[in-house]
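As the structure lists them, so they are numbered: ligands from 1, and atoms in each ligand from 1. All residue numbers in this chain count up from 1 along the given sequence.
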Amino acid sequence: MTLDTPLSGVPGLSAAIAKSLGKEGFLTVEQLVLHLPSRHEDRRKMEFKGFSPSEIPVCHQVQVLSTRVMRFGGRRGGNFEAVVEAAQDNPMHQQLTLRWFGMPFLQKAIAVGMEMMVYGKIKQIKDRLVMGHPEYEVVKGDEEGDAEIHTSRIVPIYPLKGALKQKMLRTAIWRVLEHLDDRGMADLLPPPKAGGEFDGLGRAQALRTLHKPSEMSVLEQARRYLALEEFYILQLRVVRRRLRFKHTGGHALKPEGKLLQQFLASLPFAFTEAQDRSLREIAADMAMPQPMNRLLHGDVGSGKTVVALAAMLIAVESGRQGALMAPTQILAEQHYQNALRLLEPLGMRVSLRTGDKKADGGALELFEFKTGPTNGEAGQPHIFIGTHALLYGENESALSKLGLVVIDEQHKFGVAQRARLISRGEAPDVLVMTATPIPRTLTLTMYGDLDVSTIDERPKERGKVITAVREVTKVDEVTKFVRTQIEEGRQCYIVYPLIEESEKLDAGAAVKGHAEWTERLTPHAVGLLHGRMDGDAKEAVMRRFRSGELKALVSTTVIEVGVDVPNATVMLIHDAARFGLAQIHQLRGRIGRGSHTSWCVLFVPKGDKEAKERLHLLEETHDGFRIAEEDLKRRGPGNVLGHAQSGQAPLLFGEMLADTRLITLARRLAERTLEQDPELEKSEHLRLRPLLGNVEADEEVGRQ
Ligand code: ADP
Ligand code: MG
């Protein structure tokens with residue numbers, strides 16, 4: 001028997017059980033073996049020390065003394081109660097009431113005389129001790145009592161799916177492990193270092209430990225071993241892709257640097273140290289013959305865009321063109337305005353290319369300069385600004401002529417697309433920018449194939465942003481404040497969440513909010529921006545806001561990324577609790593861009609303590625990395641990174657934040673493995689290949 005054996009072929013598993021498991025997606029031995037316990041109960045000794053109230057769930061083995069149903073609400077409604085005492089030595093005969101609301105049907109499952117394991121919190125209610133809605137498992141008195149499996153050991157408790165029952169699943173996994181030879185669970189990791197943390201441990205043993213630990217204390221080590229293995233597979237994948245890029249032919253862009261000097265001298269400010277460092281890292285990459293594949297991340301407003309523009313000039317001075325791609329038309333338009341302002345004075349021709357076939361059409365007109373930038377043929381742009389969509393279709397074949405492609409807002413642009421862009425012959429240098437500060441563990445995994453530059457410093461002459469969480473009943477006071485700001489010449493964003501997931505489905509809250517705020521702020525003009533408006537209408541509104549004609553702008557989260565109006569100093573966010581912390585942090589990056597102090601007000605429902613507590617971190621800190629980590633802790637990587645990244649299978653064993661050391665170790669192991677055998681051709685590695693997928697397949701995905 002091996003991990004691939006179908007469950008129907010496991011001795012000791014009845015066809016009926018294999019069928020029930022199959023219905024819930026358990027078809028092979030491997031799927032069962034990798035189904036991990038969510039916790040373990042030590043059912044070995046269970047010395048009874050009495051029932052007592054407790055804030056944390058406790059586990060007891062009990063015997064049922066009596067049961068009753070309290071009916072209400074017709075024939076179906078009712079509560080079920082069972083009075084129990086401890087099953088072990090129990091001279092005092094202390095009693096506990098188990099209570100399930102609205103589940104009268106439990107009468108059929110729980111009968112007097114049965115022994116059960118129960119798990120839950122105990123409360124003192126009047127003169128009784130009550131455990132509400134315990135998890136329970138009958139261990140004696142029903143047909144399936146297999147004491148060896150379900151009691152008198154450290155018992156795994158598995159997450160259940162569909163109609164599966166705890167004992168059936170536990171029995172099945174037990175049987176499978178009984179018949180599975182350790183050779184069927186061969187190690188994926190290279191042998192651990194002698195004397196190290198994992199010395200003596202292998203895959204088979206680690207898996208067996210999780211299902212059947214000898215001691216509670218060995219569980220964590222087994223989990224860590226398997227987490228390391230999981231990270232190792234991930235790292236092999238990214239390191240292999242990375243090596244592949246390194247062997248793709250690119251261009252060495254290594255100009256004298258006059259244009260860049262001119263640009264830096266023309267800026268009204270000096271670069272921060274972090275900007276300097278990032279630009280140096282980028283320039284060094286561009287000077288190499290291999291294509292650059294680099295992530296530039298930093299908080300909103302930390303000055304990434306100017307660094308990217310500087311990098312473009314390196315490409316231009318080398319006789320090539322640059323392209324900057326944004327996720328939306330509004331942002332492309334804004335980058336365009338920005339680039340015009342900064343680059344036209346240097347003689348650069350900047351061209352806006354959007355998906356619209358209208359006016360300034362969609363195609364990139366790529367060419368190679370014959371004699372250096374300013375001598376380029378008349379009318380031909382040096383720099384293209386557009387949306388991501390332009391990287392495909394008719395422009396695709398021309399991409400290899402570009403010197404540098406900058407992709408703004410990485411997480412809307414998938415890993416696969418990036419892989420595809422880079423791993424072609426004569427690849428352009430690629431720089432991806434994201435305003436979501438990405439914790440180090442994620443840059444090592446999700447972005448492990450990229451080199452990383454971090455801007456972790458804000459330009460100095462920035463106004464402060466003061467954030468305050470307020471109950472929505474305070475809206476009148478807030479309105480007064482907004483009016484004074486507007487009367488002092490400032491502007492205000494008012495943001496509503498999408499109630500539905502899709503921008504298209506729900507602009508409702510913003511439309512209604514617009515009517516309300518128009519009234520509250522009369523006679524000042526209030527604009528409305530949401531995803532259901534077409535591109536021209538959106539752009540018209542943004543233009544009126546930018547020009548100062550509109551004093552306030554009500555919008556959905558379409559302003560989330562990149563919009564830059566330095567005169568806007570107030571942001572009100574309605575229903576702030578619906579947003580992730582990192583998302584709010586992004587939003588408020590829209591204010592505090594000028595030298596004035598700015599205010600961000602987060603509205604929460606009256607009395608919503610939990611929301612206040614969660615959002616409090618935003619009042620306290622402006623450190624995007626800390627905020628991203630908190631989000632990662634609370635909501636998992638998908639939410640920090642957005643949806644394009646969710647192609648990543650969830651980790652079974654590893655924890656992105658907690659396991660930094662393991663991730664680093666996995667990286668080293670993967671690099672060593674691939675150094676010895678870049679394509680994993682040797683037989684001892686061949687078994688890894690099916691786990692890794694291949695770079696070409698990723699690129700195919702990117703094509704769609
Ligand atoms: P990001 O792209 O990281 O959000 P930008 O590059 O758009 O940031 O910069 C935000 C604003 O700050 C822009 O108006 C830009 O001109 C300005 N800026 C950038 N770098 C500096 C700096 N070192 N000192 C002062 N202002 C800067
Ligand atoms: Mg930006």
Side-chain angles (χ1 to χ4, degrees), residues 260-261 263-282 294-313 322 324-328 330-346 350 383 385 404 406-413 431-438 452-465 491 493 542 545-546 559-569 571 582-598 600 622-625 627-628:
L260 182 59
Q261 288 313 320
F263 173 66
L264 295 178
S266 75
L267 290 174
F269 49 78
F271 266 19
T272 60
E273 228 163 86
Q275 283 173 311
D276 264 335
R277 175 174 18 91
S278 299
L279 182 58
R280 272 200 310 275
E281 290 164 353
I282 291 165
R294 184 171 282 277
L295 174 72
L296 174 62
H297 71 138
D299 226 334
V300 269
S302 58
K304 295 178 295 296
T305 310
V306 273
V307 171
L309 290 179
M312 299 262 213
L313 297 180
L324 169 58
M325 299 297 165
T328 67
I330 291 188
L331 291 174
E333 169 85 12
Q334 187 180 284
H335 275 311
Y336 175 65
Q337 299 296 347
N338 200 18
L340 275 185
R341 184 169 51 85
L342 295 171
L343 301 181
E344 255 191 350
L346 305 178
V350 183
I383 285 172
I385 314 265
L404 172 66
V406 179
I407 299 165
D408 191 8
E409 298 308 337
Q410 156 70 13
H411 57 272
K412 305 228 162 64
F413 193 77
L431 179 68
V432 289
M433 304 196 283
T434 172
T436 310
I438 302 171
V452 178
S453 291
T454 305
I455 305 191
D456 49 7
E457 180 183 3
R458 271 162 70 82
K460 285 174 202 71
E461 299 94 37
R462 278 291 160 73
K464 266 205 312 204
V465 178
Q491 288 166 282
Y493 293 107
M542 271 319 293
F545 187 62
R546 233 178 261 137
I559 59 156
E560 180 177 350
V561 281
V563 171
D564 192 7
V565 179
N567 191 45
T569 56
M571 176 174 284
Q583 198 184 5
I584 293 177
H585 183 63
Q586 291 257 325
L587 282 166
R588 73 177 169 180
R590 301 304 121 216
I591 54 176
R593 308 206 122 215
S595 53
H596 301 280
T597 300
S598 293
C600 177
H622 220 271
D623 178 346
F625 285 90
I627 291 163

side-chain contact (heavy atoms from CB on, under 4.5 Å) partner of S278, chosen from L296, T272, L431:
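That would be L296; it is the only one of L296, T272, L431 passing the side-chain contact (heavy atoms from CB on, under 4.5 Å) with S278.
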
Applying salt bridge (Lys or Arg N to Asp or Glu O under 4.0 Å), can you list everything that pairs with E281, at least two apart in sequence or on another chain?
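Salt bridge (Lys or Arg N to Asp or Glu O under 4.0 Å) list for E281, sorted by chain: R294.
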
Those residues that, when tested against R277, pass salt bridge (Lys or Arg N to Asp or Glu O under 4.0 Å) (two or more places apart)
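Salt bridge (Lys or Arg N to Asp or Glu O under 4.0 Å) check on R277 returns D456.
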
Say whether, by atom type as modelled, one donor and one acceptor occur between the side chain of S598 and the main chain of G592 under 3.5 angstrom.
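A pair under 3.5 Å: yes.
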
Please check: side-chain N/O of K304 versus main-chain N/O of I455, any donor-acceptor pairing under 3.5 Å?
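The answer is no, because no donor-acceptor pair under 3.5 Å joins these two groups.
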
Any N or O on A270 sitting closer than 3.5 Å to an N or O of ligand 1?
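Yes; the residue has a nitrogen or oxygen that sits under 3.5 Å from a nitrogen or oxygen of the ligand.
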
Just distances here: any N/O of F271 and N/O of ligand 1 closer than 3.5 Å?
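There is no such contact.
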
Backbone, side chain, both or neither: what part of M433 comes under 4.0 angstrom of ligand 1, heavy atoms only?
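Answer for M433: neither.
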
Check each atom of ligand 1 against the heavy atoms of [X] and keep those under 4.0 Å away; list them by number with element.
X: T272; result: 23 (N)
X: V306; result: 6 (O), 19 (C), 20 (N)
X: R593; result: 4 (O), 10 (C)

Verify whether one side chain among D299 and H622 offers a donor that lies under 3.5 Å from an acceptor in the other.
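No, no side-chain donor-acceptor pair sits under 3.5 Å.
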
Have a look at P459, P566, S595 and point out the one with the heavy atom closest to atom 24 (N) of ligand 1.
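Looking at heavy atoms only, P459 sits closest to atom 24 (N) of ligand 1.
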
Is the shortest distance from a heavy atom of S302 to ligand 1 less than 4.0 Å?
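Yes, S302 has a heavy atom closer than 4.0 Å to ligand 1.
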
